[in-house]
Amino acid sequence: MRFMNKQIFRLGFSLLMACCLALGGMSQPAAALTQEQKLVSEVWRIVNRTYLDGTFNHQNWATVRQKALEKPLNDQKATYGAIQRMLKSLDDPFTRFLDPEQYRSLQVNTSGELTGVGLQIALNPQTGRLEVVSPIAGSPADKAGIRPRDRILKIEGISTENLTLDEAAARMRGPIGSLITLSIERDGEGETEVRVVRDRIALNPVVAELRVSPQGTPIGYLRLTQFNANASMELAHAISSLEKKGAAAYILDLRNNPGGLLQSGIEIARLWLDSGTIVYTVNRQGIQGSFESFGPALTDDPLVILVNQGTASASEILAGALQDNGRAQLVGETTFGKGLIQSLFELSDGSGLAVTIAKYETPKHRDINKLGIKPDTVIIQAALTREQIATEADLQYQAAVEQLKTNSVVAGKA
């Protein structure tokens, strides 16, 4: 009996000590995170919650956070560097950190205003090199002869090899009238220097004209240069105006259109479709969301869409939606192949975070990323000057006119 009491006493004493230790531990406050550490953790949580790849590039994402917080973060520069290194481990050029100035600039770009050289750029996901998606029509870069797929090797003598997308864009922006030198490389040609004078870039996204084909058919020619906040409304006005003028068929020119706002692409697809799926989105859980058209379309006249290697992102959503729904024929070259969707998050210190949250598929579940969309009629042609677009020198445009003449079974007009 004495032995049992001793055992019970020892057990009770051990439990009492454990409780004292636990209470003692609870009484000491946990070390609070600094503002710099909180910002790193904020970025980590957003990526952890929303990023498309649930393997986080085949790494332990919690360990990445731990390593980022191990080193002292004494100022903003150190904090931003830690965030950028953390994101770089994902090996996704589209998931990126934006300092406050870069974040404000990105918001301005999608709202319809821009000052600089007028280039839409991207990091090639396979080579990591800085490439031109397309020059903005009529911009200084366009007039200087810079083309889609050109590789930008240097900006003012500074190599672009280690620059982020936003750092490169920031270096190309500057005061109106200032000169910038770009070192360009393109397939079949060596490195060359191009001098460009910065200017205010007009981002009126729609060019609309009524043309008459050789057979006398009135054709509404629409060139859409990007998908900014104004694009859908302006294109709707243009279609309505052309309808009143008697347009009986349409050519929608998406060549060198680098995309822009996803919602803008969806709204423009709805202008042409009475019904049908526009695009599917697939997140990391594999859940498919979809965007539908509810009609009525503004016109059911025959439609041909012009595409090329500079047709990217929201442009590919639109082209794929109208092709898969049998609403339009595509003429030109296989498109750029950017099938990832980024969401933009504002961070607590005024900086921003762009995160790849999903990929998109066409209504027939074609994966666009890195593959692009192949046109119904493939026409390869050399780069055109701005004055040659939609003229006799434009083989793709001429093929579209011919397509409208020979194929009237479009948009349900059987």
Side-chain angles (χ1 to χ4, degrees), residues 108-114 118-120 133-139 141-143 148 199-212 218-273 278 293 297-308 310-322 327-328 330-332 335-336 384-391 394 396-397 400-401 404 411:
V108 167
N109 289 355
T110 56
S111 69
E113 301 175 6
L114 181 65
L119 279 178
Q120 299 283 354
V133 176
S134 73
I136 295 172
S139 68
D142 183 29
K143 293 174 182 176
D199 200 354
R200 185 174 302 281
I201 311 302
L203 294 183
N204 180 356
V206 178
V207 173
E209 299 175 8
L210 186 67
R211 306 280 187 88
V212 179
I219 297 174
Y221 172 71
L222 297 160
R223 186 163 77 248
L224 186 61
T225 58
Q226 68 164 231
F227 291 80
N228 63 23
N230 306 322
S232 176
M233 179 181 65
E234 293 195 20
L235 192 67
H237 288 162
I239 294 171
S240 297
S241 176
L242 289 167
E243 284 289 290
K244 291 176 182 177
K245 293 177 181 178
Y250 287 88
I251 295 173
L252 177 60
D253 194 342
L254 297 180
R255 292 175 297 179
N256 297 337
N257 184 323
L261 300 175
L262 171 65
Q263 190 59 38
S264 179
I266 291 166
E267 290 170 0
I268 289 172
R270 287 173 176 156
L271 301 179
W272 300 96
L273 289 170
I278 295 169
S293 184
L298 293 185
T299 176
D300 61 355
D301 290 331
L303 172 65
V304 172
I305 298 176
L306 295 176
V307 295
N308 67 0
T311 302
S313 192
S315 290
E316 294 173 285
I317 289 177
L318 176 58
L322 299 185
R327 178 63 182 90
L330 270 56
V331 170
T335 61
F336 187 84
L384 301 173
T385 66
R386 188 160 57 99
E387 291 73 22
Q388 290 175 315
I389 294 173
T391 67
D394 188 340
Q396 293 167 343
Y397 173 80
V401 173
L404 289 172

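A donor-acceptor pair is defined here as one N or O able to donate and one able to accept, closer than 3.5 Å; such a pair exists between the side chain of Ser240 and the backbone of Ala236. Side-chain N or O atoms of Thr335 include none that pairs as donor or acceptor with a backbone N or O of Ala312 at under 3.5 Å. Here the side chain of Arg223 pairs no donor or acceptor atom with the backbone of Ala390 at under 3.5 angstrom.
From Leu254, atom CG reaches atom OG1 of Thr225 across 10.5 Å, with rounding to the nearest 0.5 Å. With values rounded to the nearest 0.5 angstrom, Ile219 atom CD1 is found 9.0 Å from Leu210 atom CG. Interatomic distance, CD of Gln396 versus CD1 of Ile389, reported as 10.5 Å (0.5 Å rounding). In this structure, the separation between CG on Asn230 and CG on Leu261 is 9.5 Å, given to the nearest 0.5 Å. Put simply, CG on Leu273 and CD1 on Ile268 are 12.5 Å apart, with the number rounded to the nearest 0.5 Å.
Heavy atoms only, all atoms of each residue included: Ser313 and Gly259 are closest at CB-CA, 4.1 Å. The minimum heavy-atom distance between Asp301 and Ala247, with the atom names listed, is OD2-O, 3.1 Å. The two atoms that bring Ala208 and Ala238 nearest to each other are CB-CB, 3.8 Å, heavy atoms only. For the residue pair Ala269 and Leu322, the shortest heavy atom distance occurs at O-CD2, 4.3 Å. Between Arg327 and Trp272 the shortest heavy-atom distance is NE-O, 2.9 Å. The shortest heavy-atom contact between Ala231 and Leu224 is CB-CD1, 4.2 Å.
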*Checking side chain to side chain contact (heavy atoms under 4.5 Å, CB included) for the pair Phe227/Leu318: CA distance, chi angles, key distance, verdict?*
CA-CA 10 Å; Phe227 291 80; Leu318 176 58; 3.9 Å; yes

*Asn308 vs Phe336, side chain to side chain contact (heavy atoms under 4.5 Å, CB included): CA-CA, chis, key distance, verdict*: CA-CA 8 Å; Asn308 67 0; Phe336 187 84; over 6 Å; no

*Please assess Leu252 against Leu306 for the test side chain to side chain contact (heavy atoms under 4.5 Å, CB included), listing each intermediate value before the final yes or no.*
CA-CA 6 Å; Leu252 177 60; Leu306 295 176; over 6 Å; no

*Any chance you could lay out the side chain to side chain contact (heavy atoms under 4.5 Å, CB included) test for Leu242 and Leu222, step after step, and finish with the verdict?*
CA-CA 10 Å; Leu242 289 167; Leu222 297 160; 3.7 Å; yes

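Here the rule is side-chain contact (heavy atoms from CB on, under 4.5 Å) with Val206, and of Met233, Glu234, Gln226 only Glu234 fits it.
At a threshold of 4.5 Å between non-hydrogen side-chain atoms, the residues Val331 and Ile305 do not count as touching. Side-chain contact between Gln388 and Tyr397 is absent, with no heavy-atom pair separated by less than 4.5 Å. Two residues are said to be in side-chain contact when any heavy atoms from C-beta on lie closer than 4.5 Å; Pro148 and Pro258 fail this criterion.
Annotation: salt bridge (charged side-chain N to carboxylate O under 4.0 Å, His left out) contacts involving residues 250-272, sequence neighbours excluded, comprise Asp253-Arg255, Arg255-Asp394.
For the 3.5 Å distance criterion, the side chains of Glu243 and Tyr250 qualify, holding a donor opposite an acceptor.
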